[in-house]
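A short write-up of the structure that comes next.
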Amino acid sequence: MTVNWMEETNPSRLIRNVAFELHDNQALITWHWPDGIPCVYIHKALPGVPVVLAELSLQQLRLYTREEYKAHTGYKERVEGIGRYEYHIFPCVLDAGKPVLLAQANGENSIVVSTGRARIQYSIKQRKQLFGKYQSVQIQIFTETFVARDVLCYVKKEGAMPAKKDDGTRYDFLDDFEPGTTILPEIEIKKSEYIRLFLTDGQKYGELYELIPR
């Protein structure tokens, strides 16, 4: 079913002061509910993905009434999985009994939330040759959730452990990581070289994942 939209600039009919709390596995979203607005429609999406109002259908939106909001002191939703999401809250008025959603250009009806960080644990097992200049190294990675290949990299450095992702020679992984333990094929490096794992983008992925050596 298509959505009827109307541009709205009257501050008294707009959503503002959107806030988010996380308790155990329950997310609670609150906001200032404007007078004269009987209900809202809530849209949940991945952050950074543009929301084109003209392309939204009612099936993609969650109807929430003022009575429900009062009863639950906000909008409650069970958290399933770990990640970041963006909620858009659209005020709604009725025209001849049909819902008309108010398009809000100031962005104050949206909030980006984080439901926690997934742990990525890794170990590096070394098998040194008794004679020779090289050693065999095997990386084992344990993830709580699916992790795309471009999230992680490993860095090799001679003489000392790498301190950051640019401190040595960086290598990217070829495959994604499914939940559970992944044992990678052994690689051969010099006895004087060290390997360490890093997030490829600490600012981007640091809110989603916690990288833990073990």
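FYI, side chains are in, hydrogens and waters are out, and symmetry mates aren't considered; it's all heavy atoms of this structure.
Of the possible donor and acceptor atoms, none in the side chain of Arg196 sits under 3.5 Å from a partner among the backbone N and O of Met161. Side-chain N or O atoms of Gln140 include none that pairs as donor or acceptor with a backbone N or O of Ser123 at under 3.5 Å. A donor-acceptor distance shorter than 3.5 angstrom exists from the side chain of Thr200 to the backbone of Val151, with no hydrogens or angles considered. No donor-acceptor pair under 3.5 Å is formed between the side chain of Arg13 and the backbone N or O of Pro34. Between the side chain of Gln135 and the main chain of Lys190, a donor-acceptor pair closer than 3.5 Å is present.
Asp175 and Arg149 make their closest contact through O-CB, 3.3 Å (heavy atoms, listed as atom of the first residue, atom of the second, distance). Scanning both residues, Asp172 and Cys153, for their nearest heavy atoms gives OD1-CB, 3.7 Å. The two residues His88 and Ser110 come nearest to each other via the heavy atoms ND1-OG, 2.7 Å. In terms of heavy atoms, Cys92 sits closest to Pro99 at SG-CB, 3.5 Å. Between Glu207 and Ser114, the shortest heavy-atom contact is O-OG, 3.8 Å. Phe173 and Leu152 get closest at one heavy-atom pair: CD1-O, 3.4 Å.
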Go through Ile124 and Tyr194 one step at a time and tell me if the side chain to side chain contact (heavy atoms under 4.5 Å, CB included) criterion holds.
-> CA-CA 10 Å; Ile124 299 175; Tyr194 295 82; over 6 Å; no

Could you give me the CA-CA distance, side-chain angles and deciding distance for Val93 and Ile37, then say whether side chain to side chain contact (heavy atoms under 4.5 Å, CB included) is met?
-> CA-CA 6 Å; Val93 294; Ile37 300 298; 3.8 Å; yes

Could you walk me through whether Phe90 and Leu53 pass the side chain to side chain contact (heavy atoms under 4.5 Å, CB included) test, one step at a time?
-> CA-CA 10 Å; Phe90 301 107; Leu53 301 185; 3.7 Å; yes

Going through the distances and angles, do Ile89 and Ile29 end up as a side chain to side chain contact (heavy atoms under 4.5 Å, CB included)?
-> CA-CA 10 Å; Ile89 303 156; Ile29 301 176; 4.2 Å; yes

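Rounding to the nearest 0.5 angstrom, the gap separating the CG atom in Asp95 from the CE atom in Met6 is 8.0 Å. Atom OG1 of Thr169 and atom CD of Glu158 lie 9.5 Å apart (nearest 0.5 Å). The line from CG of Asn109 to CG of Leu14 is 8.0 Å long, rounded to the nearest 0.5 Å. Rounding to the nearest 0.5 angstrom, the gap separating the NE2 atom in His72 from the CG atom in Leu28 is 10.5 Å. Taken to the nearest 0.5 Å, the NZ atom of Lys157 stands 13.5 Å off from the CD1 atom of Ile189. For the atom pair Ile212 CD1 and Arg117 CZ, the distance stands at 8.0 Å (nearest 0.5 Å).
Note: Tyr154 and Tyr171 meet the aromatic proximity criterion, with ring centroids under 6.0 Å apart. A centroid separation of less than 6.0 Å is found between the aromatic rings of Tyr69 and Trp31.
Exactly one of Glu186, Glu188, Gln138 qualifies for a side chain to side chain donor-acceptor pair (under 3.5 Å) with Arg127. That residue is Glu186. With Tyr122 as the fixed residue, the side chain to side chain contact (heavy atoms under 4.5 Å, CB included) test singles out one of Leu184, Thr182, Leu211, Thr143: Leu211.
In this structure, Arg62 does not pair ionically with Glu77, as no charged nitrogen and carboxylate oxygen lie closer than 4.0 Å. In summary, Arg16 and Glu108 do not engage in a salt bridge, as defined by a charged side-chain N under 4.0 Å from a carboxylate O.
For the residue pair Asn10 and Glu8, no side-chain donor N or O sits within less than 3.5 Å of a side-chain acceptor on the partner.
When hydrophobic clusters are built by joining Ile, Leu, Val, Met, Phe, Trp and Tyr residues whose side-chain heavy atoms come closer than 4.5 Å, directly or via intermediates, Leu197 is not grouped with Val155.
Residue-environment remark: OH (Tyr134) stays at or below the threshold of 12 foreign heavy atoms within 6.0 Å.
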